[in-house]
Amino acid sequence: KAGVTQTPRYLIKTRGQQVTLSCSPISGHRSVSWYQQTPGQGLQFLFEYFSETQRNKGNFPGRFSGRQFSNSRSEMNVSTLELGDSALYLCASSYTGTGIDEQYFGPGTRLTVT
Amino acid sequence: GEDVEQSLFLSVREGDSSVINCTYTDSSSTYLYWYKQEPGAGLQLLTYIFSNMDMKQDQRLTVLLNKKDKHLSLRIADTQTGDSAIYFCAESNTNTGTASKLTFGTGTRLQVTL
């Protein structure tokens, strides 16, 4: 069965622009979570979607948003990019996101903001 | 808020045991996890332990949990060069509504030498 896929894998944007990242979960998985990974802050939870609804949110500014479609695919959007948004963005999917439901991570999208 | 701490680096010889340590602050942690990240890849769940357990063994991996001291360790027996990676400790609790919101440690880079 195919794993979690993220597109694009690499992205270079300029300060002030906006960006959309995509995540396709494993077939049958309905929960998708997003994380930001930076050398300074480590891995931080952005948000989680389940059945097209945001179920949980981390401590990020409103410039970070997401959505989930009826086929469970998810997108995250970052508006008005700042240099500090340069990071590896990881998405993870699981069946329900509850209990010990294992989360499977994608390879990530590396975003560079110049 | 929750905080998870790990030492940054560990070097071991091939064939020796590796012990990676982690401390956490959230006393309501329900699940504790160990993830592995190899260069250019996402995160792979290695093992997990419920907060009401003391120990869990899974082939070469042994997880020990001292709930009183909020200390978690991962022991890798017979460490191989393929074990070289960054290891993350993570916790979640059902107080957030789901177990999908993971709080990660800073990661420990394991280097295996010949």
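Chain A is the first sequence line, chain B the second, and so forth, proteins listed ahead of strands; every chain is numbered from 1.
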Are [X] and [Y] connected, step by step, through hydrophobic side chains (Ile, Leu, Val, Met, Phe, Trp, Tyr) whose heavy atoms are closer than 4.5 Å?
X	Y	answer
Val78(A)	Leu88(A)	no
Val19(B)	Leu10(B)	no
Trp34(B)	Tyr31(B)	yes

Non-hydrogen atoms of chain B under 4.5 Å away: do they reach the side chain of [X], the backbone, both or neither?
X	value
Arg9(A)	side chain
Gln6(A)	neither
Leu46(A)	neither

Does [atom1] belonging to [X] count more than 12 external heavy atoms closer than 6.0 Å?
X	atom1	value
Arg109(B)	CZ	no
Ile12(A)	CD1	no
Arg15(A)	CZ	no
Asn59(A)	CG	no

*Would Tyr35(A) and Phe104(B) satisfy side-chain contact (heavy atoms from CB on, under 4.5 Å), going step by step from the backbone distance to the final call?*
CA-CA 10 Å; Tyr35(A) 292 83; Phe104(B) 284 90; 3.6 Å; yes

*asked:* Could you check whether any side-chain heavy atom of Glu102(A) comes within less than 4.5 Å of a side-chain heavy atom of Tyr33(B), counting everything from C-beta outward?
replied: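 A side-chain contact under 4.5 Å is absent here.
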
*Side-chain contact test, heavy atoms from C-beta onward, threshold under 4.5 Å: evaluate it for Gln103(A) versus Leu102(B) and give yes or no.*
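Yes - at least one pair of side-chain heavy atoms lies under 4.5 Å apart.
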
*Taking it one step at a time, do Thr106(B) and Leu43(A) satisfy side-chain contact (heavy atoms from CB on, under 4.5 Å)?*
CA-CA 8 Å; Thr106(B) 46; Leu43(A) 276 153; over 6 Å; no

*Tyr104(A) OH to Gln44(B) CD distance, which is reported to the nearest 0.5 Å*: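 Rounded to the nearest 0.5 Å, the OH-CD separation comes to 10.0 Å.
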
*May I ask you to name which of Gly42(A), Cys91(A), Pro107(A) has the most heavy-atom pairs under 4.5 Å with chain B?*
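Most heavy-atom pairs under 4.5 Å with chain B: Pro107(A).
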
*Please state whether the side chain, the backbone, both or neither of Gln37(B) comes within less than 4.5 Å of a heavy atom of chain A.*
side chain

